[in-house]
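What you see is a predicted model, and the numbers here were worked out from it, not measured in a lab. Quick note on labels: first sequence line is chain A, next is B, and so on, each numbered from 1.
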Amino acid sequence: MTSRRTRMDKTFQPAAIETRWYEEWEAKGYFAPQGGEKAYSIMIPPPNVTGSLHMGHGFQEAIMDALIRYHRMLGDNTLWQVGTDHAGIATQMVVERQLEAQGISRHDLGREKFIEKVWQWKEESGGTITGQLRRLGSSLDWSRERFTMDEGLSAAVQEVFIRLYREGLIYRGQRLVNWDPALHTAISDLEVISEPEQGHLWHFNYPLAGAEGYLTVATTRPETMLGDSAVAVHPEDERYAHLIGRMVRLPLCDREIPVIADEYVEREFGTGCVKITPAHDFNDYEVGRRHSLPLINIFNDDAAINDQAPLAYRGLDRLAARQQVVDDMQTLGLLDKVEDHQLNVPRGDRSGVVIEPYLTDQWYVDARKLAKPAIAAVENGSIQFVPKQWENTYFAWMRDIQDWCISRQLWWGHRIPAWYDTQGTFYVGESEAAVRLEHALEAEVVLRQDDDVLDTWFSSALWTFSTLGWPEETEELALFHPSSVLVTGFDIIFFWVARMIMMTLHLRQEVPFHTVYVHGLVRDGEGQKMSKSKGNVIDPIDLIDGIELEALVSKRTAGMMQPQLAAKIEKATRRQFPDGIEPYGTDALRFTYYSLASTGRDIKFDIGRIEGYRNFCNKIWNAARYVLMNCENEDCGTSSGSAVELSLADRWITGKVQETAAQVERAIGNYRFDLASQALYEFIWNEYCDWYLELSKPILWDDDASAQAKRGTRQTLIRVLEIWLRLLHPMMPFITEEIWQAVGPLAGKTGPTIMLQAYPQANEGDIDARAIADIEWLKAVILGIRSIRGEMNIPPGKALTVLLRNGDQNDQLRLAENSQYLRKLAKLADVSWLPAGAAVPMAATALAGELEILVPMAGLIDKDAEVARLKKEIGRVENDLTRLQAKLGNAAFVDKAPVDVVAKEQEKMQAQQQAVATLQEQLQRIREM
RNA sequence: AGGACUAUAGCUCAGUUGGUUAGAGCGCUACCUUGACAUGGUAGAGGUCCCCGGUUCGAGUCCGGGUAGUCCUACCA
């Protein structure tokens with residue numbers, strides 16, 4: 001299957017490998033649980049079945065996949081449960097809009113036919129999101145894919161509803177709900193978005209009954225006066241005390257309503273008199289209950305005025321009615337004044353229309369009872385939030401939770417298992433037949449199933465266990481529940497996380513997950529929320545495959561209601577992406593997500609980052625190319641058993657990769673993917689590529705080097721590469737797999753895929769402190785020489801002769817062992833010690849500790865430039881020295897700081913004193929020459 | 001109104017229990033196509049750690065108070 005590469009391309013081409021590897025992984029069944037002692041499971045937050053991938057998904061899936069691949073490689077029995085959500089309102093709206101385009105409403109079709117249409121749409125478009133999840137490399141177990149409306153999950157939903165009903169935790173009740181007059185359904189509090197808008201405050205005079213004078217009320221909603229039941233004043237408001245208990249005539253309605261006293265009234269606001277409309281305002285409803293006021297509902301379900309209102313207003317839409325009421329009041333001379341007023345307007349999160357408090361019969365979950373154990377589970381640490389601060393948000397909401405309205409007047413969803421007879425008595429059960437049997441209902445009793453469906457979040461709340469076969473006590477349920485971690489955005493903590501916790505604790509007496517990892521929101525480069533209407537959306541797939549500018553523009557401006565907005569979006573898009581978007585590949589995109597995934601903050605998506613990580617992929621690719629060029633068809637000492645000799649560099653990098661493994665392990669354990677990715681980036685680029693590969697060249701390219709030494713270097717090249725490929729694999733699955741296929745066997749690894757190899761465990765025994773110190777010395781010397789070369793503008797090709805001076809025994813030893821490295825990496829013709837007693841030549845100087853590095857100037861270096869350079873360096877060191885002297889001169893510091901801190905500072909001061917002295921001496925010498 | 005979070009280089013961000021000269025990437029400057037890589041290499045420039053006060057020998061880090069921004073919850077008709 002694996003085609004043997006004889007030659008790798010010079011640049012990494014992600015498109016050439018990604019799809020191929022994903023297909024193979026899936027076909028071979030690598031995504032399914034592979035056994036193992038410990039179970040590790042994550043349930044995917046089910047995306048809308050007919051939706052498509054956005055940046056938030058990309059971020060979230062990348063995090064989950066890294067965790068899943070990491071644990072799978074650790075040898076855990078790992079399940080990533082996949083599935084999609086039927087998304088009641090959202091999906092129904094899409095299909096309704098499609099019908100609308102053909103001039104049909106869902107009512108024209110009828111319920112059954114309409115639902116057929118929705119299923120049809122699900123079949124057509126349901127593959128989009130799952131295909132996109134695959135493009136991200138997500139190692140989801142597709143063999144277990146579920147859908148919230150499939151048979152098993154629907155059965156679970158019904159079971160839960162019936163159980164909770166019988167336990168008294170679900171009840172039916174009449175009360176005010178948030179009513180969406182466009183969608184004709186109730187929605188929950190969470191689905192209402194209140195935003196400040198400009199409006200007016202109308203002051204109306206209500207004449208006193210049987211007396212002269214009037215009360216003036218202030219309202220933002222004049223039309224609701226048609227349903228007024230009272231006027232309320234504050235009980236201690238002296239202005240109105242004498243009127244409490246009197247009646248006023250409600251204009252336009254020919255009714256008398258009482259003046260009541262209630263603490264709810266704010267004396268300072270408006271006139272201090274509030275009209276009370278119990279059927280159309282949540283606060284008024286409560287006031288009405290306290291005073292036993294009648295509920296007068298004046299709206300139909302589309303928020304037009306109904307027959308409870310005077311004839312003149314019937315059938316008018318609420319806005320038309322508002323105008324009419326205001327006009328009529330003015331005509332009657334009862335409009336006192338109109339003020340501009342900013343108010344919070346509640347709108348439906350789906351429809352965008354103004355929500356009406358509306359009196360209806362609905363089904364509710366008694367959330368208060370369920371919340372208690374759910375609060376306790378977080379308090380006692382059974383469930384932990386990462387970052388922890390979200391627990392406060394959770395507690396605040398849970399401690400003041402309202403009952404959850406779960407019925408929706410929609411067609412697409414789980415139908416409520418309740419049947420009504422003609423008297424309105426209802427029976428809850430799993431089917432009409434079951435209900436008849438249970439309640440001994442005669443055949444002539446006509447039963448009709450409840451038309452409503454359940455809130456989508458009802459089925460989502462059961463997700464962690466319903467996907468595993470509940471209510472059957474399946475093997476998977478025993479094995480994988482509770483799940484290990486939930487990865488989600490803060491925006492659905494209330495919608496989903498809290499409800500999962502409540503439902504799961506109640507139904508299974510166990511938590512749904514042990515940890516909730518809450519990630520931030522992905523915003524655009526300016527920090528704006530990405531949204532279609534703003535036209536700033538970036539499709540993750542476009543970052544993977546690239547997209548031409550024209551295609552991007554038309555994608556962003558398609559279906560815009562306002563043409564001027566489209567023009568603006570087009571302009572902004574052309575400015576931001578003048579050449580469209582380049583193809584960066586999945587690995588680069590994923591790595592970008594990780595690098596930005598520090599906890600507790602939103603992420604601004606900067607296109608420059610992904611470009612940098614695309615380059616990183618290319619770096620990895622070329623490093624592997626170099627290693628393979630030098631190791632393929634060569635004796636790498638991995639299988640032959642022949643002797644190998646490890647160089648200093650070999651021992652150094654072998655330890656460094658272990659340090660990296662330890663850092664990555666710690667970072668992932670803390671969900672710090674940014675730190676994990678950074679540790680790998682720095683190790684691979686700055687240590688392995690920049691230093692180790694360069695240090696390998698003097699050995700591999702030296703004809704005089706021994707066979708053992710060459711074997712040792714090849715062995716280390718390939719082994720260390722193989723280790724960091726595995727370390728990196730959870731984050732960059734494709735490129736690591738592609739390279740590992742060639743590298744693994746050379747490193748003595750067998751197996752069909754890197755996916756199922758063991759994750760490297762940090763082994764501190766491999767860390768060679770002496771080798772690390774030696775290489776640090778070597779780096780310091782090389783950097784000193786390069787710095788002179790760079791600042792003195794010495795041509796890079798020019799080989800230098802370098803003299804060393806003032807070294808101790810360590811330096812002597814190190815030079816002896818490393819002169820070859822030095823020659824190669826610093827491009828030296830020769831390096832040697834200045835003989836004792838010999839005159840110091842005219843030279844540029846650098847320091848590595850106390851060691852003095854002299855680059856003789858002989859025609860190479862401008863004397864004045866070196867003087868300037870030395871002065872600058874001396875200035876820098878003296879600055880530091882002054883600071884240190886002040887610190888150590890402070891008796892308080894020397895007395896109170898820990899001894900080791902003081903000692904360290906003293907050491908530093910001495911070193912800097914030495915450095916200044918050396919540099920001064922050198923400066924003096926050069927001046928004199 | 002209550003609460004949370006954020007403020008560090010031109011930009012995007014790290015900075016563990018307080019203790020080297022506060023770091024990285026991108027961008028910028030100069031030089032370089034040397035046999036893995038110009039999606040590269042080498043060297044450099046660039047910071048009043050938002051402001052004020054406090055604790056401490058010592059504060060980017062801890063405490064208090066401000067300022068600015070983002071968000072959540074609730075909401076005065």
Undergrad: When you measure from the side-chain N and O atoms of A/Asn615 to the phosphate of B/G40, is any distance below 4.0 Å, counting only OP1 and OP2?
TA: yes
Undergrad: Expressed in angstrom and rounded to an integer, what is the separation of A/Arg876 atom CZ from B/G46 atom C1'?
TA: 13 Å
Undergrad: Check every strand shown and say whether A/Gln389 touches a base, only sugar-phosphate, or nothing at a heavy-atom separation below 4.0 Å.
TA: sugar-phosphate
Undergrad: Would you say A/Trp685 places a side-chain N or O within less than 4.0 Å of OP1 or OP2 belonging to B/G41?
TA: yes
Undergrad: Does A/His203 put a side-chain nitrogen or oxygen below 4.0 Å from OP1 or OP2 of B/A77?
TA: no
Undergrad: Under 4.0 angstrom, heavy atoms only, what part of the nucleic acid is A/Glu268 near: base, sugar-phosphate, or nothing?
TA: nothing
Undergrad: Between B/C37 and A/Lys10, counting only base atoms on the nucleotide and side-chain atoms on the residue, is there a donor-acceptor pair under 3.5 Å?
TA: no
Undergrad: Heavy atoms under 4.0 Å, any strand shown: does A/Ala218 hit a base, just sugar-phosphate, or nothing?
TA: base
Undergrad: Which heavy atom of A/Ile355 sits nearest a heavy atom of A/Arg347, and at what distance?
TA: CG1-C, 3.6 Å
Undergrad: Would you measure the distance from the C1' atom in B/G58 across to the matching atom in B/G18 and give it in whole Å?
TA: 8 Å
Undergrad: How many Å lie between NZ on A/Lys798 and C1' on B/A43, as a whole number?
TA: 19 Å
Undergrad: In terms of side-chain heavy atoms, does A/Gln910 have a donor or acceptor partner in A/Gln914 at a distance below 3.5 Å?
TA: no
Undergrad: Below 4.0 angstrom, N of the basic side chain to O of the carboxylate: do A/Lys337 and A/Glu339 qualify?
TA: yes
Undergrad: Could you measure between the two P atoms, the one in B/A74 and the one in B/G3, and give it in whole Å?
TA: 16 Å
Undergrad: Go through A/Leu628 and A/Leu746 one step at a time and tell me if the side chain to side chain contact (heavy atoms under 4.5 Å, CB included) criterion holds.
TA: CA-CA 9 Å; A/Leu628 289 169; A/Leu746 292 175; 3.7 Å; yes
Undergrad: Looking at A/Glu391 and A/Lys388, does any basic side-chain N land under 4.0 Å from a carboxylate oxygen?
TA: yes
Undergrad: Would you please indicate if the ring centroids of A/Trp621 and A/Phe12 are separated by under 6.0 Å?
TA: yes
Undergrad: Within the modelled atom types, does a donor on one side and an acceptor on the other bring the side chain of A/Asn890 and the base of B/C57 under 3.5 Å apart?
TA: no
Undergrad: If I take atom CG in residue A/Asn686 and atom P in nucleotide B/A24, what distance separates them, rounded to the nearest angstrom?
TA: 9 Å
Undergrad: Got a minute to check which stems RNA chain B is part of, using Watson-Crick or G-U wobble pairs under 3.5 Å, three or more consecutive?
TA: B:1-7 with B:67-73, B:10-13 with B:23-26, B:28-32 with B:40-44, B:50-54 with B:62-66
Undergrad: Is a side-chain donor-acceptor pair under 3.5 Å present for A/Ser188 with A/Glu191?
TA: yes
Undergrad: Stacking here means centres under 5.5 Å and planes under 30°; does A/Trp621 stack on B/A36?
TA: no
Undergrad: In whole Å, measure the gap between the P atoms of B/C49 and B/A4 for me.
TA: 27 Å
Undergrad: Does B/U20 have OP1 or OP2 under 4.0 Å away from a side-chain N or O of A/Lys887?
TA: no
Undergrad: Quick check for you: to the nearest 0.5 Å, what is the distance between A/Phe591 atom CZ and A/Thr586 atom OG1?
TA: 14.5 Å
Undergrad: Consider only side-chain N and O atoms of A/Ser595 and A/Arg609, and report whether a donor and an acceptor are under 3.5 Å apart.
TA: yes
Undergrad: Considering only the C1' atoms, how many Å lie between B/U61 and B/U17, rounded to the nearest integer?
TA: 11 Å
Undergrad: Does the side chain of A/Asn622 come under 3.5 Å of the side chain of A/Arg625 through a donor N or O and an acceptor N or O?
TA: yes
Undergrad: Using whole Å, report how far OH of A/Tyr594 lies from P of B/A14.
TA: 18 Å
Undergrad: By the 4.0 Å heavy-atom rule, please label A/Asp491 as base, sugar-phosphate, or nothing.
TA: nothing
Undergrad: Regarding A/Arg399 and the six-membered ring of A/Phe395, is the cationic atom NZ or CZ under 6.0 Å from the ring centre and inside 45° of its axis?
TA: yes
Undergrad: Given that A/Met629 and A/Ser194 both sit by RNA chain B, which one's nearest nucleotide is further toward the 5' end?
TA: A/Met629
Undergrad: Would you measure the distance from the C1' atom in B/A22 across to the matching atom in B/A59 and give it in whole Å?
TA: 13 Å
Undergrad: So what does A/Arg609 touch, heavy atoms closer than 4.0 Å: a base, only the sugar-phosphate, or nothing?
TA: base
Undergrad: Return the 5'-most residue of the pair A/Ser595, A/Cys617 with respect to RNA chain B, ranking by each residue's nearest nucleotide.
TA: A/Ser595
Undergrad: Which part of the nucleic acid does A/Tyr264 contact within heavy-atom distance under 4.0 Å: base, sugar-phosphate only, or nothing?
TA: base
Undergrad: Provide, to the nearest angstrom, the distance between the CZ atom belonging to A/Arg672 and the C1' atom belonging to B/A14.
TA: 8 Å
Undergrad: Would one find a side-chain N or O of A/Ser787 under 4.0 angstrom from OP1 or OP2 of B/G44?
TA: yes
Undergrad: Taking only the C1' atom of each, what is the distance from B/G10 to B/G46 in whole angstrom?
TA: 9 Å
Undergrad: I'd like a list of close polar pairs between nucleotides 32-34 of chain B and the protein, N/O only, cut-off under 3.5 Å.
TA:
{"residue": "B/U34", "atom": "O2", "partner": "A/Lys827", "partner atom": "NZ", "Å": "3.3"}

Undergrad: Starting from C1' on B/A36, measure out to CH2 on A/Trp691 and report it in whole angstrom.
TA: 17 Å
Undergrad: Between atom CG in A/Asp281 and atom C1' in B/C75, what is the gap in whole Å?
TA: 11 Å
Undergrad: Do any side-chain nitrogens or oxygens of A/Ser598 fall under 4.0 Å of OP1 or OP2 in B/A14?
TA: yes
Undergrad: So, is A/Lys604 near the phosphate of B/U12, with a side-chain N or O under 4.0 Å from OP1 or OP2?
TA: yes
Undergrad: Pick the P atom in B/C72 and in B/C11, then give their distance to the nearest Å.
TA: 26 Å
Undergrad: Does A/His341 reach a base, just sugar-phosphate, or nothing at all? Heavy atoms under 4.0 Å.
TA: sugar-phosphate
Undergrad: Which part of the nucleic acid, if any, lies within reach of A/Lys904 when heavy atoms closer than 4.0 Å are counted: base, sugar-phosphate only, or nothing?
TA: nothing
Undergrad: Is it the case that B/U39 (base atoms only) and A/Arg614 (side chain only) share a donor and an acceptor within less than 3.5 Å, ignoring hydrogens and angles?
TA: yes
Undergrad: Mind checking A/Arg523 for me? I need base, sugar-phosphate or nothing, with any heavy atom below 4.0 Å counting as a touch.
TA: sugar-phosphate
Undergrad: Could you go through residues 269-280 of chain A and list every donor-acceptor pair under 3.5 Å that involves a side-chain atom there, pairing it with any protein atom two or more places apart or in another chain?
TA:
{"residue": "A/Thr271", "atom": "OG1", "partner": "A/Thr216", "partner atom": "O", "Å": "2.5"}
{"residue": "A/Thr271", "atom": "OG1", "partner": "A/Cys273", "partner atom": "N", "Å": "3.2"}
{"residue": "A/Lys275", "atom": "NZ", "partner": "A/Thr224", "partner atom": "OG1", "Å": "2.7"}
{"residue": "A/Lys275", "atom": "NZ", "partner": "A/Asp228", "partner atom": "OD1", "Å": "3.0"}
{"residue": "A/Lys275", "atom": "NZ", "partner": "A/Thr277", "partner atom": "OG1", "Å": "3.0"}
{"residue": "A/Thr277", "atom": "OG1", "partner": "A/Asp228", "partner atom": "OD1", "Å": "2.7"}
{"residue": "A/His280", "atom": "NE2", "partner": "A/Asn297", "partner atom": "OD1", "Å": "3.3"}
{"residue": "A/His280", "atom": "NE2", "partner": "A/Ile298", "partner atom": "N", "Å": "3.0"}

Undergrad: Side chains of A/Asn536 and A/Gln528: do they bring a donor and an acceptor to under 3.5 Å?
TA: no
Undergrad: In whole Å, what is the span from the CG atom of A/Leu675 to the P atom of B/G23?
TA: 17 Å
Undergrad: Suppose you measure atom P in B/C50 against the same atom in B/A7; what distance do you get, rounded to whole Å?
TA: 8 Å
Undergrad: Salt bridge check, A/Arg221 against A/Glu356: does any charged N sit closer than 4.0 Å to a carboxylate O?
TA: yes
Undergrad: Between B/A36 and A/Glu694, counting only base atoms on the nucleotide and side-chain atoms on the residue, is there a donor-acceptor pair under 3.5 Å?
TA: yes
Undergrad: Within the structure shown, what part of the strands sits under 4.0 Å from A/Leu783 by heavy-atom distance: base, sugar-phosphate, or nothing?
TA: sugar-phosphate
Undergrad: Name the nucleic acid region contacted by A/Asn392, choosing base, sugar-phosphate or nothing; use a 4.0 angstrom heavy-atom cut-off, strictly under.
TA: nothing
